Amino acid sequence: AQSVTQLDSHVSVSEGTPVLLRCNYSSSYSPSLFWYVQHPNKGLQLLLKYTSAATLVKGINGFEAEFKKSETSFHLTKPSAHMSDAAEYFCVVSPNQAGTALIFGKGTTLSVSS
Amino acid sequence: NAGVTQTPKFRVLKTGQSMTLLCAQDMNHEYMYWYRQDPGMGLRLIHYSVGEGTTAKGEVPDGYNVSRLKKQNFLLGLESAAPSQTSVYFCASRKHSSSGNTGELFFGEGSRLTVL
């Protein structure tokens, strides 16, 4: 069975401090993993994806994530938060089996204070 | 560059009314999906399609029907709307990959449905 757990429903940081959004997954197949961001009243935008190449993946807007198979984790990080990073973030797992659907975590709301 | 387009963007229904949400994509993607988003629940898959003329149930299919008569369109229908179907609905599409399920999803802007 496949599942994804975002360990924090809400994370608050100050502008200029590091961001860590945690995600653990479970998959019967070697998965692809994604992080999406959703700003208020908008659709979802891809931040980055892991597809069994490099385990450290760099995305847009300074975000990166590291795939750790031994820990079944795919945590999202950014060295220095910006006010514009305030949004909801979704970790997504895609079992590498043709025809199956992606599975979303419940989301983490990131708040950034000045 | 239209990408994925959803219509309508907003709709208010009375309980028992029917309606159809239309999703259109211009990227020639094989896979299309309908999700609903509710506070604290993330996105939950309603139905999906892996190709023209095929559909499959997702996690929360009850009360919804879908059709994929043309590759570029994926319709979501509510035959008899209920207040529990008040939600934001997102359509997404993805290109088929022969190497597995590695392609990213492309999302529409969402359709906000309220059922009174």
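What you see is a predicted model, and the numbers here were worked out from it, not measured in a lab. Computation of the quantities below employed the complete heavy-atom set of this structure, encompassing side-chain atoms and omitting hydrogens, waters and symmetry-equivalent molecules. We name chains A, B, ... by the order of the sequence lines, and we start the count at 1 in each one.
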Using a strict threshold of under 4.0 Å (side-chain N to carboxylate O), is an ion pair present between B:Arg44 and B:Asp38?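 Answer for the salt bridge query: yes.
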
Heavy-atom cut-off 4.5 Å, strictly under: side chain, backbone, both or neither for B:Leu43 against chain A?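 Answer is both: backbone and side chain atoms of B:Leu43 are under 4.5 Å from chain A.
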
Considering only heavy atoms, which portion of B:Gln37 lies under 4.5 Å from any heavy atom of chain A: side chain, backbone, both, or neither?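 Side chain only.
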
I need the contact set between residues 107-116 of chain B and chain A: heavy-atom distance under 4.5 Å, sorted by residue number.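 Result: B:Phe107, B:Gly108, B:Glu109, B:Arg112.
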
A:His39 side chain to A:Ser84 backbone, donor-acceptor under 3.5 Å: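 Yes.
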
How are the rings of A:Phe104 and A:Phe90 set to each other: parallel, tilted or perpendicular (split at 30° and 60°)?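 Judged by the thresholds at 30° and 60°, the geometry between A:Phe104 and A:Phe90 is perpendicular.
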
Going by the angle between their ring planes, with limits at 30° and 60°, are B:Phe106 and B:His29 parallel, tilted or perpendicular?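 Answer is tilted, since the angle falls between 30° and 60°.
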
Region of A:Leu46 that comes under 4.5 Å of a non-hydrogen atom in chain B: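 For A:Leu46, the contact with chain B is made by the side chain alone.
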
A:Gln38, part contacting chain B, at a heavy-atom distance under 4.5 Å: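 When you check distances to chain B, only side chain atoms of A:Gln38 fall under 4.5 Å.
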
Value rounded to 0.5 Å, distance of CZ in B:Arg94 from CE in B:Met27: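 With rounding to 0.5 Å, CZ (B:Arg94) is 12.5 Å from CE (B:Met27).
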
I'd like to know if the side chain of A:Thr108 pairs up with that of A:Gln6 as donor and acceptor (distance under 3.5 Å, no hydrogens or angles considered).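 Distance-only check passes for A:Thr108 and A:Gln6.
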
Apply the test ring pair (Phe, Tyr, Trp, His ring centres under 6.0 Å) to residues A:Phe67 and A:Tyr50: give CA-CA distance (whole Å), side-chain angles for both, the deciding distance (0.1 Å), then the verdict. CA-CA 7 Å; A:Phe67 173 70; A:Tyr50 165 77; 4.1 Å; yes

Are side-chain heavy atoms of A:Val13 and A:Val11 found at a separation under 4.5 Å?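 Sidechains of A:Val11 and A:Val13: in contact.
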
